[in-house]
Amino acid sequence: MLQVVDLTCSRGDRALFENLSFSVRPGELLHIQGANGCGKTTLLRALCGLSQPAHGEIRWQGTAIRELAGQYRTQLCYVGHANGIQGDLNAAENLRFGTCVGNADSHADITAALERVGLSRAARLPAKFLSQGQKRRLALARLLVSSSPLWVLDEPLTALDVHFGATMSGQLASHVAGGGLVVITSHQELTVAAPIQKIQLDR
Amino acid sequence: MYKYASPKNFYVLAGQLIPWLGIITLVLFATGLYLGLYVAPPDYQQGDSYRIMFIHVPAAWMSMYVYVMMAGAGLVGLVWNIKLADMLATASAPIGASLTLMALVTGSLWGKPTWGTYWVWDARLTSELLLFFLYLGFIALQAAIDEPRRSARAGAVLALVGVVDIPIIHFSVIWWNTLHQPASIGALNRIISPTIYPTMLHPLLINSLAFFLFYYMVVLMRMRGEILARERHTGWVMQIVRASAEAAR
Amino acid sequence: MPQTLLGTARCIFRRDLTLAARKPADVATPLAFFVIVTSLFPLGVGPEPNVLSKLAPGVLWVAALLASMLSMGRLFAADYADGTLEQLTLSPHALTPIVFAKVAAHWVTSGLLLVVLSPLLAMQLSLPGQATWTLIATLLLGTPVLSLLGSVGAALTLGVRGGGVLLSLLVLPLYTPILIFGAGAVTASASGLDTTAYFSLLGAFLLLALAFTPWATAAALRISLD
């Protein structure tokens, strides 16, 4: 279970949000909403341990993530605002590197994952020639080869076409149904067949 | 003790300390300079020109002390996330850089009558020059980062790497200096050899103490300014601003 | 099973080499700088071989040091811009060995190539044969230290305005001991003196840098990403 207690994050000397508390249980999806600049990305980055909150604590299975460090990161797969794709590597190489760095099976089936995100024909193409949407798909393919229960996704649906958006929603639903946890920001309404918890970040 | 770690209490406490530090510093300086410039006899070799060491040596000592303070404060800020420690490090840097510059300028002024030129690559002067560059790097790095916390923490890492490297730089420069310089050009160190007369030693020590307290006075003043800037949205700072606006009218 | 630490490190090392191979211009630019800067000196001080051979140790070392520093910018910049750096810090493995793998790959595509190029430039500056061997050996020991120290600066200046010039201000003072002992050894060797002490010290610096800088760089990266 992911637990957020009394969390305050600030940028400069301005507090983005104060004393935020919530928890996400296995089999739940948390949809964080709010206007631009209200701190959604900051919150997600804090959940990953990338940015330090001004105060408050984030706990995984009851222990602060600061203490868990690497152990927590094995439980986590983060697809952020930036795709984490090197233009001079091809799609397959990018994904293999992702699995190698992250928490994925080292023998994960790259080809199958690329096929599922509809990139098998572009697999050998340097990633700089992919479209925005294709790059997003490639970033999301990391989820398919990951074995982490907690997915933290920053606007995963931007630049995706309707068809793949639906595929992605199905993917989220099956992850949650399998006991996974999802924390997601999205400006679109989510049509995921799963229990959805919502937080409105801007007051 | 712990309650002074809050910026507001620290602001008040520092405000009370500063006048006292100022008075003691002034008295020490007056005594030290009187003893150094009038009471101490001329050097049998260098005449009166050696007297600049009463400024040069304390400045050089303090320039190194301040860097160590900066790194120490940076470490405390980094590990325990204490804002006052971050402010201490940031506030120290320009003071340390000024002291280093003072040591360089006085050293080169001393060099003119002694060596016949304003600059020689003497070990101590070269070390001070590199220390000056390290200070500039720290100040430039902090100035280039807008987000105060990132700026403080990045500065702390740099200061820590610097503080490990400074003894190595110092030692390397001494090695390099003994290899490349003819022995007749001695280091500035020679004038504070163990055989120094008490009449020369006393003003040196008194001035060093004066520099030491001067640093603390200025750093407290700078930290107070920084506290006001960072806490400008809080009630107690608004009150101070309003009060001083009233007084000005 | 997720990758072992060694597997991850090897993977990062290989990826960075692949990327360098696909962007040869990035690798070549600091090398070209090295060659051009050293070639400028004879034009500035005159072509007399005995003057040049006297200046050669210092010139070659300073040029190599500057070239190494110029190459540091690309160590993390691309990974920072495209979000890969976030993924690296979120790896289950500690960041320090990951940093180490990146610096190692970077050194192979910068410092090592400077070493390979150096005898050619030494010949241009009429450095004696014995001293050229010393130059190669000192660069081999010294350039990894430059890369390691430079990685701290590169991590601290990520995404900061004026990053390139700032980087030079941060790391050049830290580089001075390496310059002193690197160039000192070559000078000593050119005048037929013993160089053992220089090598012991350069070796000690390398060990010290290996022990501390990846840790400092990892800390700096986390700060820059916050």
Side-chain angles (χ1 to χ4, degrees), chain A residues 9-11 41-42 44-54 65 68-90 93-108 126-128 135 138-139 142 145-148 150 152 154, chain C residues 1-27 74-102 105 109 158-159 215 218-226:
Chain A
C9 284
S10 50
R11 183 181 303 138
T41 296
T42 309
L44 292 195
R45 289 170 56 84
L47 290 182
C48 297
L50 278 171
S51 62
Q52 301 297 322
I65 61 167
L68 290 172
Q71 220 178 326
Y72 173 63
R73 296 197 294 270
T74 62
Q75 308 290 307
L76 173 78
C77 190
Y78 171 64
V79 177
H81 202 69
N83 289 322
I85 292 169
Q86 255 302 317
D88 287 290
L89 297 177
N90 67 36
E93 286 167 330
N94 266 305
L95 188 54
R96 195 170 302 116
F97 180 70
T99 64
C100 171
V101 167
N103 178 47
D105 199 318
S106 46
H107 305 291
K128 60 185 161 195
K135 283 181 187 160
L138 182 53
R142 275 211 316 274
V145 291
S146 147
S147 46
S148 308
L150 173 61
V152 178
D154 195 353
Chain C
M1 274 296 290
Q3 276 286 358
T4 59
L5 174 58
L6 205 64
T8 303
R10 200 183 300 136
C11 183
I12 291 167
F13 184 77
R14 206 178 300 141
R15 165 193 180 261
D16 282 10
L17 288 190
T18 310
L19 279 173
R22 290 190 190 164
K23 287 187 279 190
D26 287 10
V27 176
R74 72 176 158 87
L75 175 55
F76 298 118
D79 287 344
Y80 179 72
D82 69 21
T84 306
L85 205 54
E86 281 178 348
Q87 297 300 331
L88 289 176
T89 56
L90 289 178
S91 165
H93 301 299
L95 190 54
T96 312
I98 290 176
V99 162
F100 185 77
K102 281 198 72 74
T109 57
L158 273 181
W215 175 84
L221 284 178
R222 288 194 193 283
I223 291 167
S224 293
L225 281 174
D226 191 343

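Labels below follow one simple rule: chain letters A, B, ... track the order of the sequence lines, proteins then strands, and each chain is numbered from 1.
- Heavy atoms of other residues, nucleotides or ligands lying less than 6.0 angstrom from CZ of F100(C) number 12 at most.
- Of the inter-residue distances, the one linking C48(A) atom SG with L225(C) atom CG reads 11.5 Å to the nearest 0.5 angstrom.
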Should D226(C) and L50(A) be marked as a side chain to side chain contact (heavy atoms under 4.5 Å, CB included) after you check the CA-CA gap, both sets of side-chain angles, and the distance that decides it? CA-CA 6 Å; D226(C) 191 343; L50(A) 278 171; over 6 Å; no
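- Across all their heavy atoms, A82(A) and G83(C) have their closest contact at CB-CA, 3.6 Å.
- The residue among N83(A), I85(A), N94(A) with the most heavy atom pairs within less than 4.5 Å of chain C is I85(A).
- Residue contact with chain A, scored on non-hydrogen atoms closer than 4.5 Å, involves the side chain of T18(C) exclusively.
- The existence of a salt bridge linking R14(C) and E93(A) is excluded, since no basic side-chain nitrogen approaches an acidic carboxylate oxygen closer than 4.0 Å.
- Heavy atoms closer than 4.5 Å to chain A are found nowhere in I223(C), neither backbone nor side chain.
- Across T84(C), D82(C), T89(C), D79(C), the residue that shares the most heavy-atom pairs under 4.5 angstrom with chain A is D82(C).
- D88(A) CG to K23(C) NZ: the interatomic distance, rounded to the nearest 0.5 Å, is 4.5 Å.
- For chain A, the nearby part of A94(C) is the backbone; its heavy atoms alone come within less than 4.5 Å.
- Considering only heavy-atom pairs separated by less than 4.5 Å from chain C, the leading option among R96(A), Q86(A), Q52(A) is Q86(A).
- The backbone N or O of Y78(A) sits less than 3.5 Å from a side-chain atom of Q87(C), completing a donor-acceptor pair.
- The two residues R22(C) and N90(A) have their closest heavy-atom pair at NH1-N, 4.1 Å.
- Contacts with chain A were tallied for A81(C), A78(C), G7(C), C11(C); C11(C) has the most, counting heavy-atom pairs under 4.5 Å.
- Side-chain atoms of T8(C) come within 3.5 Å of backbone atoms of C100(A) as a donor-acceptor pair (strictly under, hydrogens ignored).
- Distance alone, capped at 3.5 Å, is enough to place a donor-acceptor pair between the S91(C) side chain and the V101(A) backbone.
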